[in-house]
Structure formats: structure tokens, C-alpha cells
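Report on one structure; see the data block that follows.
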Amino acid sequence: MRDEHVLELLPGYALDALEREEQRAVAEHLRTCASCREELVLLRGVTDSLAAAVIPASPPAGLRRAVLDAVRPARGMQRWSPSPAWAAVAAALILVLAAGLVSINQKLQALHARLAAQEQALELLTAPAARTIELSGSVEASARFVFRPGRQAGALIVTDLRDPGRDLLYQLWLIGPAQPESAGVFRPRTDRPVILAVSGDFARYQAVAISVERAPLGATQPTAAPILVGRL
Ligand SMILES: [Zn+2]
């Protein structure tokens, strides 16, 4: 690579998708080659504007490697043809678009779950037979648990709960005669209420409680005293 341009590796370099060894070699070449530097600037313009149009995320495992391998010429192959560089640009575009699609799909799923929780909460809040429990405890917050006796659907609605810190989150527990059962984890929001959809046979429980647990998954059993409790 020492005496050749690195055109076909530039898209991968721009996307930070090369092996460490290749990344280093390209960087070395770029130090001494103005024409490849120019090419990289052009390429970054394309990939950056595409990346700005979609939200970055990781493409499916193996895709990046497979695409780059498919367009990379074998070692020792003649490199006078401009086509590998164009193929590499196309590969770069595919990678950026694939990453965007993965990310959009994830966002859609999260949005869908949020919407479903909001619908469930709204339905409960407007149902005449629904019961609303205010949770109270050692922290300032508005936390309500709404459910319909005899139905499986409930929802926790929380506003003004402080951020527990980066490594922590809040976990909702259903407290019955046996062990507490996790009803989900959440992080507070400053811009809107958190709504957590909960399903269960609420006649079996005496209370709901919220404790602070470790992110991102919470605990299987509460590890600290609850900060908020409401009797069902
Ligand atoms: Zn060069």
C-alpha cells in the first residue's frame, strides 16, 4: 500500500469501518498524499450529509464486513481502473443507509411501545370503574397507579421524579403475599410524564412500590427500600 493510493479504502476509513491495521495504513498514506486527502474530504461530505439524514446506529452484525469485502479488490490486483473506488463509495452509502434503517426501526418500535402504553393509560383514566392510587414516600413526585379491578390492565403515570443518575433507574414492584414482582423499569423524563403499562391480576396484590435499582435491567428483587408506595 506504501506506493499506491488508498482510494478503495477511503470510504471505509471515512466511516471508521476498517480493521485497525488498515486504518493505520490509510492514515499514514494520507499524511503524505494530498490527492487522497482531497478524495477523503469529498467522501466525508457525502457520508456526513447522509448520516445527518438518518440517525446513526450499528448495521446488522457482519454487514459492514461483508459489504467491504465484496467491493475490495484482491491484493495484487491491478488498480488502474476507477471502478473499485466507485464501488466503495456505493458500499459506503449502503452502510450508512443500512445503519439508518436499523436505527429508524428501533425508534419506531420504541415509539410504538410508548403509544400503546399511553393508549392503555388513557383508556384507564377515562373508564368510570377505574381506580387511581397516589403513591407517596420519601421523594417529591407525582406518581399515580391507575387500574380497573377485575381487569388485567393498569398503568403507572409519573411526573417530576428526579433523575436517579446514569447507572440507576426506577423499578415498579407489585407487592403481594409472596415475593414482590417486577412490573417494569423506567427513567424519568423532564419533558413529559412517564407512562408504564402494567398487566396483572391486581386483586392478588396489596400495594405497588417504586425502588431505585441498577440500570439497565433493574433487579429480580428490590435491593433497597421503596421510595414511593401506594396501597391497592
Ligand atoms: Zn494517495
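The shown structure was predicted, so the numbers you read here are calculated from the model rather than taken from an experiment. When a ligand or atom number is given, it counts from 1 through the structure's own listing order.
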Can a donor-acceptor pair be found, under 3.5 Å and without considering hydrogens, that links the side chain of [X] to the backbone of [Y]?
X      : Y      : answer
Arg37  : Leu30  : yes
Gln171 : Ser182 : no
Glu213 : Thr223 : yes

Heavy-atom pair with the smallest gap, counting every atom of Leu122 and Thr126: O-OG1, 2.8 Å

Name every donor-acceptor pair, under 3.5 Å, that has one atom in a side chain of residues 145-157 and the other anywhere in the protein, sequence neighbours excluded.
none

For the Zn ion (ligand 1) the protein N, O or S atom count under 2.8 Å stands at 4

Option among Val158, Val185, Ile227 that satisfies the side-chain contact (heavy atoms from CB on, under 4.5 Å) test with Tyr170: Ile227

